[in-house]
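Structure first, commentary second.
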Amino acid sequence: MPTPVRVRFAPSPTGRPHVGGIRTAMFNWLMARHAGGKFVLRIEDTDVTRKVEGAVEYIMDGLKWLGLDWDEGPDVGGDYGPYYQSQRLDLYRQAADRLVKQGDAYYCYCSPERLVEMRKEQVARKQPPGYDRHCRDLAPQERAQKEAGGIVPVVRFKVPLEGQTKFTDLIYGDVTFEHSTIDDFVLLKSDGYPTYHLANVVDDHAMEISHVIRGEEWVSSTPRHLLIYGALGYDPPQYVHHPLIVGPDRAKLSKRHGDVSILEFRKHGYLPETMFNFLALIGWSLDDKTELMTRQELIDNFSLERIGKTGAIFNRDKLDWMNGVYIRSLSIEDFTQRALPFLEQGLPSPVKRPLDIDYVRRMMPLIQERTKKLTEAPGLVKFFFVDKLDYDPTLLIARNMTPESTLAALDASSQRLSKLSIFNEESLETLLRPLAEELGLKAGQLFGALRTAVTGETATPPLFQTMAVLGRERCLRRIDEALEKLRRLSS
RNA sequence: GGCGCAUUCGUCUAGCGGUUAGGACACCUCCCUCUCAAGGAGGAGAUCGCGGGUUCAAAUCCCGCAUGCGCUACCA
């Protein structure tokens, strides 16, 4: 029987959840769900200096938003806890002690200053920087002396001087590293916390992780991990390194490329469905044509073999397009509910809150297919709410028209409109189309003038539907105001 | 500098010895049309990083080179 699939997402709580990290989590999650395995969340809070308050909540928030639920983790527990590395310090200490006792690791008393200096010299001499193994073979009395001097040592791994470590990555294939290129890295820091390398190995083993799916930035660390597994006598997991998401300059995507937190995307009006689908498609593909996939389709079809090998630029244009597709696919009620918070937030402050939900419901169908991001919604419906429209009066004058002809057209419209018995899309169309002809105008000319008069915009949803939602009173008042503007313009 | 990995339209990608190198976003044109969208139909855009091989045949296999990225911390 093959070992059960157990994968993990192991973020470091140093800030808001980066889309790259979330994509790593997603690949792990997809792997678990596809194989019927377990997805565990483990918090790697071993760097006290970079720890950010609230970061764990941000990370969980981001994961939950995308529906990446975990079977084991800090909040839900599990048989392999605790899931905060800061609560597993004994385990790392024991492992480090054992390695020292076995002769696979040693105490190092070198000061940070010495290490910096050493590296500076190495670089100056064009030597590869790396620990010079100063403390690797310290005599017992030398050690005692350092200890007596109050120096708290770190524990370093004793990397074999010769030989090589090979591994087969499920994406990149066979990778080989010469031991001579690996220096004696730190396992346990002087503050008693482990480094990533030690903690990662100890925990992945203890938690029976079957596949380590992580970013490509970790491939050069993998031989170190393998060396630790070997020294500890553990069987290593399968390694799966995936390519990174990069910025337009092809460098690893980071803060300096702008908003990279998954939470920012939510704030900017992207749907979780979009992000899920889009992120899955960066570096992974099903075939030569399928791009729009539901969460379930992604689970069903996911496979490690179809993850590519090259870093991908995050294509905002395509993200926006996809978000539009998902927005259009929403039921009108769903769309309304999702857009509502953005309207409450984004409409001009004089607009009374809470918003009149029935009124909102009537305009939402008009903007759904025009919305790419939920943040655009307020701008698209603003004219339904504001009292005074503020626009350039010359926008009222359509092509081949004058202030005078526009005035006449609007005036005629106003009179007819006030006498219209039913004020809906149909009746408006049957009234206004013939009117245009009667006035000797093209439909576009009359409608254009009315559009601007009634909305203050030149691009809006279809005129009759828009007017129907606005209602007769508002329309007539706005046409009056437009007439006023025109008169001021010509005088 | 060292080590590792990568390299197909502007971008994301399909391709796994024989294809007119396919699709998507963006772009352009046309249609629809009261504007804007959406939708439909087209178009342009890739000598598959470069140079050598192997082979009847290479984007696909091999070797060099170039370029890019990653790592090179008591950070992850």
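So that the names make sense, note that chain A is the first sequence line, chain B the second, and so on, each numbered from 1.
Qualifying side chain to side chain donor-acceptor pair (under 3.5 Å) partners for A/R474, counting only residues two or more places apart in sequence or in other chains: A/Y359. For A/R16, the side chain to side chain donor-acceptor pair (under 3.5 Å) partners two or more places apart in sequence, or in a different chain, are A/Y58. In this structure, the salt bridge (charged side-chain N to carboxylate O under 4.0 Å, His left out) partners of A/E217, at least two apart in sequence or on a different chain, are A/K252. Partners of A/E178 by side chain to side chain donor-acceptor pair (under 3.5 Å), not counting sequence neighbours, listed by chain and number: A/Q164.
Contact check, A/T14 against B/C75: no side-chain N or O comes under 4.0 Å of OP1 or OP2. Distances shown here put every side-chain N or O of A/K51 at or beyond 4.0 Å from the OP1 or OP2 atom of B/C75.
The residue A/T460 sits close to a base: some heavy atom pair falls under 4.0 Å. Among the heavy atoms of the strands lying under 4.0 Å from A/G283 are primed sugar atoms or P, OP1, OP2 only; no base atom is included. Residue contacts for A/N315: at a heavy-atom cut-off of 4.0 Å it reaches a base atom on one of the strands shown.
The nearest whole Å value for the distance from the CD atom in A/E178 to the P atom in B/U72 is 20 Å. Taking atom NZ on A/K166 and atom P on B/C3, their separation rounds to 17 Å, with Å as the unit.
Atom P of B/C61 sits at a distance of 38 Å from the matching atom of B/C28, rounded to the whole Å. Nucleotides B/U11 and B/G18 have their C1' atoms positioned 30 Å apart, rounded to a whole Å.
Residue A/R250 places its side chain closer to B/U11 than to any other of B/U35, B/U11, B/A73.
In this structure, a donor-acceptor pair under 3.5 Å is present between the side chains of A/E147 and A/Y109. Side-chain N/O atoms of A/Q445 and A/N400 include no donor and acceptor closer than 3.5 Å.
Taking the ring centre of A/Y391 as origin, the terminal cationic atom of A/K485 falls inside the region bounded by 6.0 Å and 45° from the ring axis.
Side-chain atoms of A/S190 come within donor-acceptor range of the base of B/C74, with a qualifying N/O pair under 3.5 Å. Taking 3.5 Å as the limit, the base of B/A24 and the side chain of A/K318 contain a donor-acceptor pair of atoms between them.
In the region residues 15-24 of chain A, proximity to RNA chain B at under 4.0 angstrom, judged on heavy atoms, holds for none of the residues. Contact check of residues 168-176 of chain A against RNA chain B (heavy atom, cut-off under 4.0 Å) returns A/Y172, A/D174, A/V175, A/T176.
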Run the salt bridge (charged side-chain N to carboxylate O under 4.0 Å, His left out) test on A/D317 and A/K372 for me, step by step, so that the C-alpha distance in whole Å, both residues' side-chain angles and the decisive distance to 0.1 Å come before the verdict.
CA-CA 11 Å; A/D317 279 337; A/K372 275 204 164 75; over 6 Å; no
